[in-house]
S.K.: 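After the structure tokens below, expect a handful of questions from me.
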Amino acid sequence: MKKITCFFLAILAFIFVFPILFLAAGSIMGNNELTDMLLPVMMEGVKGYDSWKLFPEYPTLKHYVEVLMDSPEFFVMFWNSVKITTGALIGELLVGMPAAWGFSKFDFPGKNILFTLYIALMMMPFQVMLLGNYLVLDKIGLLDSLWGIILPAFFSTFPIFIMYRFFKGIPLALLEAARLDGAGELRLFFMIAIPLGSPGVISAIVLGFLEYWNLIEQPMAFLKTKELWPLSLYLPNIDLKQAGVAFATSIVALVPAVLVFLAGQDYLEQGIISTAVKG
């Protein structure tokens, strides 16, 4: 029974990993080989079906060289993604950590109503608030700027929800003991809350990175100048005849996300589990 279970799990794992293998194989294929296999997709009026193979006949790194050496536009968009992601994560931490700590350990009028409102906002898709965000950003002059993407991320509700669960689990007895020793609220926050709630903070960072590194809708709605576009908008604008470049670019763009995911995988699992546990 165990062998059968492992067999089916291996099949499922291969199915989930196959798109990555697909990209990796395409990124090292020559143009002629890609054209032969993808011609029905790339050319109108050509009948038949496309084909694929995981092992190229003549592997080449030409597409990676073209992306990394001969595409200045790629690096501009890459650094735009770095700026957006870094700024959004810093803002999330500056706003989200105090908010999550306040919700978890302080009682104030309207707390439950406000937290319920936070949860409701978290459940709303971006499209629902698109018009409101657009009008506000236009009013304060942040449309067509990176700050128009970064600033709204400061007030994202999902990181607060995740960190709240971890802060909620800190024993009140520990906090009271620290207060008796003369610790103030700021010292409690920095010396106890953040260290003990670090799994929640790190899981929020990992999820935030994966979200903002792959933003598409917000940049498309708020950025008109192509020089401000993030890397996530680079791929949709690659011509289909540059399939090899598209595959190589996908792999390069995927590497930072994979590294961040692997580095914070354990914390991410704890964060996901915590959202299913009542605090």
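Residue numbers run from 1 in the order of the sequence given. What's counted below: heavy atoms across the whole structure, side chains too, no hydrogens, waters or symmetry copies.
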S.K.: Would you kindly confirm whether Leu180 and Leu172 end up in one hydrophobic cluster when ILVMFWY residues are joined by side chain heavy atoms under 4.5 Å apart?
M.R.: no
S.K.: Find out whether Val258 and Ile20 are in side-chain contact, i.e. whether some heavy atom of one side chain is under 4.5 Å from a heavy atom of the other.
M.R.: no
S.K.: Between the side chain of Lys105 and the main-chain N/O of Ile170, is any donor-acceptor distance below 3.5 Å?
M.R.: yes
S.K.: When you measure from the side chain of Ser71 to the backbone of Glu66, do you find a donor-acceptor pair of N or O atoms at a distance under 3.5 Å?
M.R.: yes
S.K.: On a heavy-atom basis, which atom in Gly197 and which in Phe167 lie closest, and how many Å separate them?
M.R.: CA-CE2, 3.9 Å
S.K.: Would the number of heavy atoms belonging to other residues, nucleotides or ligands and lying under 6.0 Å from CE of Met129 be above 12?
M.R.: yes
S.K.: Assess whether atom CD1 of Ile4 is packed by more than 12 heavy atoms of other residues, nucleotides or ligands within 6.0 Å.
M.R.: no
S.K.: So do Pro230 and Leu223 actually touch side chain to side chain, heavy atoms under 4.5 Å?
M.R.: yes
S.K.: Find out if a path of hydrophobic residues (ILVMFWY) with successive side-chain heavy-atom gaps under 4.5 Å connects Phe16 to Leu23.
M.R.: no
S.K.: Say you draw a straight line from OH of Tyr212 to CD1 of Ile149; how long is it, rounded to the nearest 0.5 Å?
M.R.: 10.5 Å
S.K.: Considering non-hydrogen atoms only, spot the tightest contact between Asp144 and Lys224 and give its length.
M.R.: OD1-N, 2.8 Å
S.K.: How close do Leu188 and Ala183 get, counting heavy atoms only, and between which atoms?
M.R.: CD2-CB, 4.1 Å
S.K.: Is a side-chain N or O of Trp213 found less than 3.5 angstrom from the main chain of Ala253, in a donor-acceptor match?
M.R.: yes
S.K.: Please assess Arg179 against Leu175 for the test side-chain contact (heavy atoms from CB on, under 4.5 Å), listing each intermediate value before the final yes or no.
M.R.: CA-CA 6 Å; Arg179 289 190 179 101; Leu175 300 178; 3.7 Å; yes
S.K.: So, does Ser156 use its side chain to make a donor-acceptor pair with the main chain of Ala153 at under 3.5 Å?
M.R.: no
S.K.: Counting only pairs under 3.5 Å, give me each side-chain donor-acceptor contact of residues 75-85, with atom names and distances, residues two or more places apart or in other chains.
M.R.:
{"residue": "Asn80", "atom": "ND2", "partner": "Val76", "partner atom": "O", "Å": "3.3"}
{"residue": "Asn80", "atom": "ND2", "partner": "Glu227", "partner atom": "O", "Å": "2.8"}
{"residue": "Asn80", "atom": "ND2", "partner": "Leu228", "partner atom": "O", "Å": "3.4"}
{"residue": "Asn80", "atom": "ND2", "partner": "Trp229", "partner atom": "O", "Å": "2.9"}
{"residue": "Ser81", "atom": "OG", "partner": "Met77", "partner atom": "O", "Å": "3.3"}
{"residue": "Ser81", "atom": "OG", "partner": "Leu231", "partner atom": "N", "Å": "2.7"}
{"residue": "Thr85", "atom": "OG1", "partner": "Ser81", "partner atom": "O", "Å": "2.8"}

S.K.: In terms of hydrophobic clusters joined by side-chain contacts under 4.5 Å, are Val17 and Leu210 together?
M.R.: yes
S.K.: Could you go step by step and tell me if Phe103 and Phe108 meet the side-chain contact (heavy atoms from CB on, under 4.5 Å) rule?
M.R.: CA-CA 9 Å; Phe103 277 124; Phe108 51 88; 3.9 Å; yes
S.K.: Rounded at 0.5 Å granularity, tell me how far CD1 in Ile205 sits from CG in Leu89.
M.R.: 6.5 Å
S.K.: Looking only at heavy atoms, what is the nearest atom pair of Met220 and Leu233, with distance?
M.R.: CG-CD2, 3.4 Å
S.K.: Is there a path of hydrophobic side-chain contacts, each under 4.5 Å between heavy atoms of I/L/V/M/F/W/Y residues, joining Tyr58 to Val65?
M.R.: no
S.K.: Do Tyr64 and Ile251 come within less than 4.5 Å of each other through their side chains, counting heavy atoms only?
M.R.: yes
S.K.: Where is the tightest heavy-atom contact between Gly87 and Ile150, given as atom of each residue plus distance?
M.R.: C-CG2, 3.6 Å
S.K.: Using a side-chain heavy atom cutoff under 4.5 Å and only I, L, V, M, F, W and Y, what cluster partners does Ile90 have?
M.R.: Leu94
S.K.: For Ile11 and Phe7, run side-chain contact (heavy atoms from CB on, under 4.5 Å): C-alpha distance rounded to whole Å, both residues' side-chain angles, the deciding distance at 0.1 Å, then the answer.
M.R.: CA-CA 6 Å; Ile11 293 177; Phe7 175 74; 3.2 Å; yes
S.K.: Hydrophobic clusters join Ile, Leu, Val, Met, Phe, Trp and Tyr when side-chain heavy atoms are under 4.5 Å apart, directly or via other members; which others share one with Ile113?
M.R.: none
S.K.: What is the distance from atom CD1 of Ile28 to atom CG of Leu61, rounded to the nearest 0.5 Å?
M.R.: 7.5 Å
S.K.: I want to check something: taking the side chain as every heavy atom from C-beta on, are Met29 and Glu57 in contact at a cut-off of under 4.5 Å?
M.R.: no
S.K.: Nearest 0.5 Å, please: how far is CZ in Phe222 from CG in Leu146?
M.R.: 13.5 Å
S.K.: For a ring-ring contact (aromatic ring centres under 6.0 Å, His included) with Tyr164, tell me which candidate from Phe115, Phe106, Trp101 qualifies.
M.R.: Phe115
S.K.: Quick check on the hydrophobic clustering: are Ile15 and Leu21 connected, directly or via other members, by side-chain heavy-atom contacts under 4.5 Å?
M.R.: no
S.K.: To the nearest 0.5 Å, what is the distance between CD1 on Ile162 and CD on Glu92?
M.R.: 9.0 Å
S.K.: Distance check, rounded to the nearest 0.5 Å: Leu254 atom CG versus Asn214 atom CG?
M.R.: 8.5 Å
S.K.: Does Phe261 form a ring pair (Phe, Tyr, Trp, His ring centres under 6.0 Å) with Phe209? I'd like the steps, not just the answer.
M.R.: CA-CA 9 Å; Phe261 174 79; Phe209 182 94; over 10 Å; no
S.K.: Any idea which heavy atoms bring Pro199 and Phe166 closest together, and the distance?
M.R.: CB-CE2, 3.6 Å
